[in-house]
Amino acid sequence: MNNAKNITVSSATAANSSSVMRRLKRTVAKLAKNRGLNVDEVRQQLIDKIKQLNQDKALGYLTFAGIINLDLPDGTRVAIIPDWHVPAHDKQVSWQVKEWLAEFKPHIIILIGDAADMFGLSRWPKAPRVVANTQAELDETRRLVDEVITLSGCLHLFYIMGNHEDRNRRTQIDPNASVSSLIDPNTHEPILNFHQLMGYTRKDPITFVYGMNEEGGGGGGVLVNDDFKFIHGKIVRGKPGQSPYAEADSQLQSVGHGHTHRLGTRARRLTKGHTLRSFEFGHLADETHSYMGYATYPNWQHGLGAGLVHGGKLHIQLLPILKVNDETGQTRSALLFDGKFTLSSGY
């Protein structure tokens with residue numbers, strides 16, 4: 001669905017932005033040289049600091065039930081990726097997100113749920129000609145997550161379970177709960193859990209975050225520096241910004257979540273001076289895909305989030321991804337970040 005306002009973008013704009021980025025990189029390299037710094041060494045020192053702060057904690061789990069504490073030093077870059085709904089993801093937008101990750105080079109990536117759609121296990125009525133293959137969905141999600149880790153060069157990726165990933169657990173509990181309780185003798189975990197079906201092990205730089213009852217879309221999340229909590233989200237309100245604000249207000253805790261497919265933020269200052277922040281990060285799905293049959297004139301918005309730790313707090317920027325028309329009239333996706341205007345290759 002292309003419900004965003006079309007604007008004209010010239011190819012020169014993208015070229016100029018690329019030129020700006022090259023000049024910026026040269027300036028950074030020059031400043032580093034003048035101060036006797038090596039950019040790669042500084043990055044490695046930051047990564048080592050993250051490892052040290054989270055030794056035997058957040059980076060040491062394949063799975064975690066509940067809210068996992070993540071301690072990040074100043075200078076840490078964080079990418080927040082919302083509902084991807086693979087294989088119903090928007091291919092053009094996904095190309096753009098991967099290009100952005102390769103440029104941004106986040107140290108930490110947080111997938112805030114519904115990265116996999118798991119349409120094959122959905123109990124919603126399916127159109128008779130819509131083909132669903134659960135194994136193919138898992139395989140494609142695995143390929144995309146692996147690509148994200150490789151392209152970004154991130155230290156670790158946190159995969160918060162959403163309600164769509166939880167379709168796997170729910171279809172086992174009802175009608176055959178005895179199957180869901182079968183334990184793998186090697187991992188001592190439920191044999192058909194989501195992360196095991198994805199094929200990840202403790203050697204991989206990834207942590208799957210479940211709720212306290214090992215469910216998705218519930219109480220699982222990532223708490224950054226005891227200040228900002230990422231969850232998939234349950235509360236749904238009609239307007240962008242309202243859903244995470246309701247979560248934050250009920251917990252008196254700054255919150256970011258997905259689930260609603262909306263892009264919005266709100267903030268208010270409490271009486272003791274603490275600022276309560278709330279973000280919802282949009283989505284990366286193809287609204288016209290057959291799996292998205294419930295998307296009838298939605299107020300959804302493609303987007304994601306970029307974060308930087310400064311002063312001990314994670315500061316977040318929402319990045320909307322817009323559909324635009326180039327000079328040939330072709331529809332493309334556009335994202336502006338850090339002075340660079342990224343334009344996808346088109347549909």
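Side chains included, hydrogens not; waters and symmetry mates left out as well; all remaining heavy atoms used.
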Determine, for [X] against [Y], whether the closest basic-nitrogen to carboxylate-oxygen distance falls under 4.0 angstrom.
X	Y	result
Asp48	Arg43	no
Asp90	Lys323	yes
Arg169	Glu215	no

So, for [X] and [Y], which heavy atoms are closest and what is the spacing to 0.1 Å?
X	Y	result
Ile321	Gln301	O-NE2, 2.9 Å
Ala285	Met292	CB-SD, 4.1 Å
Pro106	Leu101	CD-O, 3.6 Å
Trp84	Ser94	NE1-OG, 2.8 Å
Thr265	Ser278	OG1-O, 2.9 Å
Pro73	Ile50	CD-CG1, 3.5 Å

Are Arg142 and Tyr200 in a cation-pi contact, defined as NZ or CZ under 6.0 Å from the six-membered ring centre and within 45° of the axis?
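Here Arg142 passes the 6.0 Å and 45° test against Tyr200.
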Measuring from atom [atom1] of [X] to atom [atom2] of [Y], what distance do you get when rounded to the nearest 0.5 angstrom?
X	Y	atom1	atom2	value
Ile206	Leu157	CD1	CG	5.0 Å
Leu336	Leu322	CG	CG	9.5 Å
Lys234	Ser243	NZ	OG	14.5 Å
Gln317	Ile80	CD	CD1	10.0 Å
Asp338	Leu319	CG	CG	10.0 Å
Glu99	Gln96	CD	CD	9.0 Å

Measuring only between side-chain heavy atoms, which start at C-beta, is [X] closer than 4.5 Å to [Y]?
X	Y	answer
His107	Ile47	yes
Leu314	Asp227	no
Val236	Arg262	yes
Gln330	Asn325	no
Val255	Gln251	yes
Val324	Thr331	no
Ile68	Phe158	yes
Ile112	Ile231	no

Tell me if the aromatic rings of [X] and [Y] count as close, with their centers under 6.0 Å from one another.
X	Y	result
Phe194	Tyr159	yes
His85	His283	no
His257	His232	no

Within the 3.5 Å criterion, strictly below it, is a donor on Gln92 or Ser333 matched to an acceptor on the partner's side chain?
yes
Indicate, with yes or no, if [Y] and [X] share a hydrophobic cluster defined by side-chain heavy-atom contacts under 4.5 Å among Ile, Leu, Val, Met, Phe, Trp and Tyr.
X	Y	value
Leu62	Leu111	yes
Val222	Leu318	yes
Val86	Leu284	yes
Leu53	Leu223	no
Phe208	Leu121	yes

Would you check if the side chain of [X] reaches a backbone N or O of [Y] as a donor-acceptor pair within less than 3.5 Å?
X	Y	value
His89	Lys91	no
Glu137	Gly120	yes
Asp83	His259	yes
Arg77	Lys105	yes
Glu247	Ile235	yes
Asp117	Phe119	yes
Asn168	Leu192	yes
Asn225	Gly312	yes
Asn133	Ala136	yes
Glu280	Thr260	no

Please list, chain by chain and in numerical order, all residues satisfying ring-ring contact (aromatic ring centres under 6.0 Å, His included) with Phe104, sequence neighbours excluded.
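Per chain and number, Phe104 pairs via ring-ring contact (aromatic ring centres under 6.0 Å, His included) with Trp100, Phe337.
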Chi angles and distances behind the side chain to side chain contact (heavy atoms under 4.5 Å, CB included) call for Ile149, Ile109:
CA-CA 8 Å; Ile149 293 173; Ile109 294 178; 5.8 Å; no
The residue among Arg268, Arg277, Lys239 that forms side-chain hydrogen bond (donor to acceptor under 3.5 Å, both in side chains) with Tyr245 is Arg268
Please determine which of Thr201, Thr63, Asp184 meets the side-chain hydrogen bond (donor to acceptor under 3.5 Å, both in side chains) test together with Gln196.
Asp184
Give me the ring orientation class for [X] and [Y]: parallel if the planes are under 30° apart, tilted from 30 to 60°, perpendicular past 60°.
X	Y	answer
Phe64	Tyr61	perpendicular
Tyr210	His195	perpendicular
His261	Trp300	perpendicular

Counting heavy atoms not belonging to Glu214, are there more than 12 under 6.0 Å from its CD?
no
Please say whether more than 12 non-hydrogen atoms of neighbouring residues, nucleotides or ligands are located less than 6.0 Å from NE2 in His310.
no
Please test His274 against Arg269 for side chain to side chain contact (heavy atoms under 4.5 Å, CB included), starting from the C-alpha separation and ending with a verdict.
CA-CA 6 Å; His274 176 67; Arg269 190 176 179 183; over 6 Å; no
When you look at Met198 and Thr141, which way does the side chain to side chain contact (heavy atoms under 4.5 Å, CB included) test go after all the steps?
CA-CA 8 Å; Met198 286 277 281; Thr141 304; 3.7 Å; yes
Worked check of side chain to side chain contact (heavy atoms under 4.5 Å, CB included) between Thr207 and Leu59
CA-CA 7 Å; Thr207 298; Leu59 306 185; over 6 Å; no
